[in-house]
Colleague: 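What follows is a single structure, and I will ask about it in a moment.
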Amino acid sequence: MTPEEKNFLRKIEAEEKIEPKDWMPAEYRKNLIRQISQHAHSEVIGMQPEGNWITRAPSLRRKAVLLSKVQDEAGHGLYLYSAAETLGISRSEMIEQLQTGKAKYSSIFNYPTLTWADVAAIGWLVDGAAIVNQVSLQRTSYGPYSRGMIRICKEESFHQRQGYEAMLALAKGSPEQKAMAQDALNRFYWPALMMFGPHDSESAHSQKSMEWKIKRETNDDLRQKFVDQTVKQIEVLGLDHPDANIKWNEARGHYDSSDLNWDEFWSVINGNGHCNRQRIEHHVAAHEEGEWVRDAITAYNEKKRAKKAQRAA
Ligand code: FAQ
């Protein structure tokens, strides 16, 4: 073992953060770039399902909140792209990987938002699941990712609460509104559980990621936390639990629940969900439309640099 390798492992063991200029194994770097960039893509693509409802939010208050939530997701994407860039990959490379299907983004964003209640369900369940995962990632071993997660979690927790509050208003509203809330819960509950990834036994990256403390808890453990916390929330809403097999297990100290439809999961992450094509086409169109902005910023920065150089000469 080289001295650098020894020092890297010592730091991991001692819970010291690995920083961009530190030596790290090539596989650690590669795995982090993969996970952080896919996380960034998820935040950015995740703007689309909710963005679909900004013009149709039921009140000015709901519209203002949704608008700022969607903007927050863009901000999260930017923190995460910046964290990935510290590992030596460029933003344009990451965008290319997303647009060509080389890099994934969270399966959840390939489901359509059919009603206003879906927007409430996303805030409550999707942001809720994201937080369970991200709270654990605050302790990830890579410094820039860990610090990004701390900021992101603060905002996600507001997102989750506004989603739950919107869901509560529907669930306690007219019979039609309650039915809409139940329908959104029935459709989003299972895909939200899929956000945690495949079972640990099927998870290609978990073992190494846990060893290097990139991930701090396994896919199944985090999913179980989410299942457990959601039962009471559904009760308070007065809605029916979508899982007929949900049952408290005294011996385990957790709820037992049905297994997920893993064929659906693999099909969605391999590009065959309801909205995969639409999401990428929309991203490509928005990216092309924004080209003049990127060109203008580059030209402006170039001009500023030239002026500074002239003054210094
Ligand atoms: N969807 O070996 P594992 C949010 C892929 S943020 C798509 O277990 P790993 C905020 C996985 O990439 C939501 N692909 O992988 C928001 C790998 O493929 P690869 C995003 C999935 O990395 C709210 C393969 O399967 N959060 O929602 C999924 O150890 C509202 C094998 O899997 C994060 O990204 C999936 N669900 O564990 C925004 C958190 N699951 O790369 C807008 C950070 C697995 O070999 C609106 N990421 N895959 O081609 C993580 O914690 C991990 O990457 C996991 C997957 C847990 C997602």
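Side-chain atoms are counted along with the backbone in the values below, which use heavy atoms only and exclude waters and symmetry mates. Whatever order the structure lists ligands and atoms in, that order sets their numbers, starting from 1.
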Colleague: I need the full list of ring pair (Phe, Tyr, Trp, His ring centres under 6.0 Å) pairs touching residues 49-84, with sequence neighbours left out, sorted by first then second residue.
Modeller: His41-Tyr81, His76-His159
Colleague: Identify, with sequence neighbours excluded, every residue that meets ring pair (Phe, Tyr, Trp, His ring centres under 6.0 Å) alongside Trp266.
Modeller: none
Colleague: Begin from the C-alpha positions of Leu239 and Lys178 and carry the test side-chain contact (heavy atoms from CB on, under 4.5 Å) through to its verdict.
Modeller: CA-CA 8 Å; Leu239 298 177; Lys178 186 172 179 185; 4.0 Å; yes
Colleague: Which pairs of donor and acceptor atoms, one on a side chain in residues 302-313, lie under 3.5 Å apart (sequence neighbours left out)?
Modeller:
unit_1 : atom_1 : unit_2 : atom_2 : d
Glu302 : OE1    : Arg305 : NH2    : 3.0

Colleague: If you count only heavy atoms, which residues are under 4.0 Å from ligand 1?
Modeller: Arg34, Gln35, Gln38, His39, Ser42, Glu43, Gly46, Glu50, Lys69, Glu73, Lys104, Tyr105, Ser106, Ser107, Phe109, Val126, Asp127, Ala130, Asn133, Gln134, Leu137, Tyr145, Glu156, Met194, Met195, Phe196, Gly197, Pro198, Ser203, Ala204, His205, Lys215, Asn219, Phe265, Ile269
Colleague: Do Lys208 and Glu27 sit within salt-bridge range, that is, some charged N less than 4.0 Å from a carboxylate O?
Modeller: no
Colleague: In terms of side-chain geometry, is the basic nitrogen of Glu96 or Lys102 positioned less than 4.0 Å from the acidic oxygen of its partner?
Modeller: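 No, no charged N to carboxylate O under 4.0 Å.
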